[in-house]
Amino acid sequence: MFTQETLQIEKEIRAYCAANDIPLAELKWAPIPFNGEWGTSTSFFQTAANEAKAAKATGKRVIVPQRAQEIAESVKEVIGTPKGISHVEAVRGYLNLYFVTEDFAERVIAAILQEKSQFGRGKPKHERVMVEYAQPNTHHSFHIGHYRNAILGESLSRLLEFAGFETLRAAYPGDIGLGVITVLWIYEKFYKGQEPQGIHERGQWLLKLYVEATNLLTKKENETDDERILREKYDAERREMYRKWDAGDEYIRDLWLETREWSLDELRDILLQIGIQIDTWFFESEEDEPSKAVVQELLDLDIATDERPEGGAVIVKIDEKLGLKKEKYRTNVLLRNDGTTLYLTKDLSLAKKKFNDFGVDRSIYVVDVRQSMHFMQAFKILELWGFEQAEKCYHLGYGFVSLPGGAMSARKGRVVIFKDVADEAIRRFTETSKEKNPNLSEEARAEVAETVGLGALAYAMLSVDNSRDTVFDMDVALSFEGRTGPYIQNAHVRAASILKKFKVEGLKVEDKNLKPATFNFELTPHEVELIELLSRFPNVVEDAANQYRPMIMATYAYDLASAFHSFYHAVPVLKSETDAIRDARLRLVAAAKQVLVNSLRLLAIKAPEVM
RNA sequence: GCCCCCGUAGCUCAGUGGAUAGAGCGUUAGCCUCCGGAGCUAAAAGCCUGAGUUCGAGUCUCAGCGGGGGCACCA
C-alpha cells in the first residue's frame, strides 16, 4: 500500500549511510507489531553487527543493540517526517514509520471496493501449473480421506490461479488393478445383472462387493482344506479375469467400462457438490501402453537396467545413477519380470505427457504423504531423463485421515463414506438453522444447510496443515462454534445484514452512492485491526500459494472473521455518531464482506447471505 | 540400517531469524432495551533435552529422547 513512500525513504537511508561510512545491510520492512497504528518497520541490527565485525579487527568493541539504536536515531533525524507518514520513531534498534491513518484506511477500502472479487489477485506469473488431485480408485467408494484430498487440491488450485498461475486441474482415477478386477470377479460370479438404483447407492454397492470379495479371497485362521481349495479356485478365477482384461477380452472390457462408469457417476456427482471442476481426466488404464514405451526409452538412455535375463526386472538404480554413495533414493522397478508395468512406470509416462502435450511448467501432486518415497524417486528419474520441469515437480503430501478408533479399513467395515457425512451435515445444519433462524423458507433453508454443512466440513479439513494427520470426528467436523467454517460464514451474514438493513431503511441504496468515505475521525481499535487485516489479504494469497498451504488462508479467514465479529459487537454502524462516520463504516463493512467472500472462495467455501 | 514428517497451554493446533509466543476446545467469571448470541469481554495455563551458529533461536545446524509414516516387482 505504501511501497512508493517506503522506497523513497529507503533511498534517503542509503544516501545517509553512504555519506557517513555506515555499512548498511539489506533493509527488510515488516509491519509494526503490538499497536493500534499502522506502520512499517525496519531494524539496524545487521548493520550494527557488520560494524562490530569490522571493529573487532581494529580491537574496538561495538555493542550491537546499542549501536543499532544509535543508527536508528540518526536516521530518524535525517529523514524527518516524509510525505504520507504521520510520525517516525526510533526504538530498540528499530525505525518505525507510522502511516497517516486516514490515507491508509482510505486506500485500503477504496482498493477493495473497486477491485471487488479481484481484490488480492496476483500479477500473471506466465507459468502453467497442473495440480493433480482426486485420484480415488474406481469400483470403490469416495470416503472422507478422498474428500481431504479433493478439497485440499481444489483450494490449492484456486489459490494458485488467483495468485497468477495458469492453472490446470487434473484427476487421475485408479481404474485398473487387482482391486478393480476383484470387484468384477465377484459381480460376475454372484451378482451378475444386478444394479441398484441411484448414483450413490450403486457406487457404494461396489464397495460392499469389494469387501465381500476380499473376505472370500483372504486366508483365514484355522482354514480347513475345503476352504483353502475354494479360496484358491476363486483366486485363480480372478487372475484369469485379469489376464483376459489385459488381453483385451471384449466381454470383460465392456463389463469393466460399465461398472467403472457407475463409480465415475458417483465421483462426478460428489465433485459437483463440493464445487470442483476438473479440466483433464487421466486414467491409469490409459497409461499402461504408453508407459511400456517409456521403459524402452529409459533403457536406451542407459537410465534403466534390464535384469530380466537374470530373472530380475527392469529397474532404475537411482542412487548409483546420481553418483550418491549413501542410500537415499534407492532402486525401483519399472517393469516386472513378466513385462507388466507398475505405478511408477505409469506416473513417469503421465509426467512426460503433462510436460510435452499439456505444456506444464510446474506439476503438483496432491497425494497421501505415505507415497513421498515414490515421488522422490519419480522426480529424480525425471531429472535424470532430462526434464528441466523436474525441479518444479512437487509432491504435496498430506497426513492421512483416521477415525477416533484407529485407521480406516474398508475391509473391516471401518470406513466413513463422504456422502453419509455430507447428508448428516446437511441434516444437522437444517436443525440448527430452524433454531437460529425460524423465519427462513424451506427452500432457502435447504440451500443454507448445504452451504453451511459443506462449509463446516471444508474448513475442518483445510484448517489442518498439510503434514498433519487428522482424526475425523463427526461432532468436531460439524461443529459451528469457535474456529469453524460457520463462524466465518456468520461474519459474512452479519455484514450482509447490516448492508441490507441500510437499504431497507431507504437511506441510500448502493454503497457506491455513499459519499466518498473519509476516515478522518478517531478510529476505534476494532476498526484499525479490521482494516489492518483487510490490507494484508493480497500478501496472504501470495504466501498460501507460494507455500502450497491452504491452511494459511484458512487461518487468515478466521482472523478476519474474528476481527469483524469484535468490530460488529463494539462499534455501531447504522447508529454512528454522524452520517459521515456511518458512511465510512458502511464502506468498511462492505469491504470486509468482500474480502470474506474472496477468502472463503479460495477455500472452496460458499458465503451465504443468510443462515 | 536408511529416508521423510512431527514434538509449543489440560487437549487440538498457529507462529517470515527480530520487539510482549497466539487461537480454538475445555475450565472459571461476565455480556441479549443496541445493525442476527452460529456472537462478544475477561482470567488461569506453554516452546522435549543438550550442544552449536548468530548481535539475536520456538524458528537454522548437529546429537539425543519421544511419536507417526515409508523403504524394488501393491497403488
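None of these values were measured; they are calculated from a predicted model. Quick note on labels: first sequence line is chain A, next is B, and so on, each numbered from 1. What's counted below: heavy atoms across the whole structure, side chains too, no hydrogens, waters or symmetry copies.
The pair A:Lys328-A:Asp319 fails the salt-bridge criterion, with no side-chain N (NZ, NE, NH1 or NH2) lying under 4.0 Å from an Asp/Glu carboxylate O. Salt bridge annotation for A:Asp583-A:Arg587: absent, with no cationic side-chain nitrogen under 4.0 angstrom from a carboxylate oxygen. Between A:Arg428 and A:Glu431, no side-chain nitrogen of the basic residue sits less than 4.0 Å from a carboxylate oxygen of the acidic one, so the salt-bridge criterion is not met. Using a cut-off of 4.0 Å between Lys/Arg side-chain N and Asp/Glu carboxylate O, A:Arg582 and A:Asp579 are scored as salt-bridged.
Ranking B:A23, B:A14, B:G39 by closeness to the A:Glu481 side chain, first place goes to B:G39. Which of B:A19, B:A72, B:C40 sits closest to the side chain of A:Ser562 comes down to B:C40. In the set B:C73, B:A23, B:G36, B:A23 carries the atom at the smallest distance from any side-chain atom of A:Tyr558. Listed nucleotides: B:A72, B:A38, B:G70. Nearest to the side chain of A:Val333: B:A72.
Residue A:Ile318 contributes atom CD1, which lies 19 Å from atom P of B:G70 at whole-angstrom precision. When rounded to the nearest whole Å, the span between OH of A:Tyr556 and P of B:G15 equals 17 Å. Distance A:Lys575 NZ to B:C34 P: 8 Å, rounded to the nearest Å. Between the CD atom of A:Gln371 and the P atom of B:C4 there is a distance of 18 Å, given to the nearest Å. Note: CD1 (A:Ile488) to P (B:G36) measures 20 Å, nearest angstrom. One can place CZ of A:Arg428 at 18 Å from P of B:A38, the figure rounded to the nearest angstrom. If you measure from atom OH of A:Tyr548 to atom P of B:C5, you get 16 Å, rounded to the nearest angstrom. Atoms CG (A:Asn96) and P (B:U20) sit 13 Å apart, rounded to a whole Å.
With its glycosidic angle within 90° of 0, B:C32 adopts the syn conformation.
Within the 4.0 Å cut-off from OP1 or OP2 of B:C3, not a single side-chain nitrogen or oxygen of A:Ser372 is found. Contact annotation: A:Arg370 does not reach the phosphate of B:C4 (side-chain N/O to OP1 or OP2, under 4.0 Å). A:Lys328 has no side-chain polar atom (N or O) that falls below the 4.0 Å cut-off from OP1 or OP2 of B:C3. Contact annotation: A:Arg92 reaches the phosphate of B:U20 (side-chain N/O to OP1 or OP2, under 4.0 Å). In terms of phosphate contacts, A:Arg494 brings a side-chain nitrogen or oxygen within less than 4.0 Å of OP1 or OP2 of B:G37. An OP1 or OP2 oxygen of B:C3 is reached within less than 4.0 angstrom by a side-chain nitrogen or oxygen of A:Lys326. Considering only side-chain N and O atoms, A:Arg336 lies under 4.0 angstrom from the phosphate OP1 or OP2 of B:A75. A:Tyr487 has a side-chain polar atom (N or O) that falls below the 4.0 Å cut-off from OP1 or OP2 of B:C40.
Here A:His569 pairs with nothing under the side-chain contact (heavy atoms from CB on, under 4.5 Å) rule; sequence neighbours left out. Under the rule for a salt bridge (charged side-chain N to carboxylate O under 4.0 Å, His left out), the partners of A:Glu577 that lie at least two apart in sequence or sit in another chain are A:Arg585. Residues meeting the side-chain contact (heavy atoms from CB on, under 4.5 Å) test with A:Ser409, sequence neighbours left out: A:Arg411, A:Lys412. Legend: residues meeting side-chain contact (heavy atoms from CB on, under 4.5 Å) with A:Ala90, ordered by chain and number and at least two apart, are A:Gln69, A:Ala72, A:Glu73, A:Lys76. A:Glu307 is linked by a salt bridge (charged side-chain N to carboxylate O under 4.0 Å, His left out) to A:Lys317, counting only residues two or more places apart in sequence or in another chain. Considering only residues two or more places apart in sequence or on other chains, A:Lys325 meets the side-chain contact (heavy atoms from CB on, under 4.5 Å) condition with none of them.
Counting atom types as modelled, A:Ser41 pairs a side-chain N or O with a base atom of B:A19 as donor and acceptor under 3.5 Å.
Of the residues in residues 450-471 of chain A, those lying under 4.0 Å from RNA chain B by heavy-atom distance are A:Val452, A:Asp465, A:Ser467, A:Arg468, A:Asp469. The stretch residues 343-351 of chain A touches RNA chain B through A:Tyr343, each having a heavy atom under 4.0 angstrom from the strand.
Classification of the A:Phe429-A:Phe480 ring pair by plane angle, with boundaries at 30° and 60°, yields perpendicular. The aromatic rings of A:His140 and A:Tyr210 are tilted relative to each other, their planes meeting at an angle between 30° and 60°. Between A:Phe375 and A:Tyr365, the ring planes are tilted. Angles from 30° to 60° get that label.
Under a cut-off of 6.0 angstrom, the local environment of CD in A:Gln371 is crowded, with over 12 non-hydrogen atoms contributed by other residues, nucleotides or ligands.
Between B:U16 and B:U12, the distance separating the two C1' atoms is 24 Å to the nearest Å. When the P atom is used for both B:A14 and B:C48, the distance is 14 Å, rounded to whole Å. Annotation: B:C6 and B:G10 have their P atoms spaced 22 Å apart (nearest Å).
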As a quick check of understanding, evaluate side-chain hydrogen bond (donor to acceptor under 3.5 Å, both in side chains) for A:His565 and A:Arg494, giving each step before the final call. CA-CA 8 Å; A:His565 278 302; A:Arg494 285 176 140 185; 2.8 Å; yes
Evaluation steps, side-chain hydrogen bond (donor to acceptor under 3.5 Å, both in side chains), between A:Ser535 and A:Glu532: CA-CA 5 Å; A:Ser535 76; A:Glu532 159 74 19; 4.6 Å; no
Pairs under 3.5 angstrom, nitrogen or oxygen only, protein versus nucleotides 31-33 of chain B, please.
none

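Nearer the 5' end of RNA chain B, as judged by each residue's closest nucleotide, is the contact made by A:Asn437, out of A:His526 and A:Asn437. Map A:Ala561 and A:Ile498 each onto its nearest nucleotide of RNA chain B; the residue landing nearer the 5' end is A:Ile498.
Among the atoms of the strands shown, none is found under 4.0 Å from any heavy atom of A:Val369. Contacts of A:Pro31 with the nucleic acid, taken as non-hydrogen atoms under 4.0 Å apart, include base atoms.
For residues 329-350 of chain A, the pairs satisfying salt bridge (charged side-chain N to carboxylate O under 4.0 Å, His left out) are A:Glu284-A:Lys346, A:Glu327-A:Arg330, with sequence neighbours left out.
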So if I define the base as every atom that isn't primed, P, OP1 or OP2, how would nucleotides 55-67 of chain B read as a B/S/- string at a heavy-atom cutoff under 4.0 Å? B------------
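Residues A:Asn149 and A:Tyr398 bring a donor and an acceptor atom of their side chains to less than 3.5 Å of each other.
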Pairing string of RNA chain B (Watson-Crick or G-U wobble, both atom distances under 3.5 Å; | = paired to other strand) is (((((((..((((....[...)))).(((((.......)))))....(((((..]....))))))))))))....
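Between A:Leu24 atom CG and A:Thr47 atom OG1 the span is 4.5 Å, to the nearest 0.5 Å.
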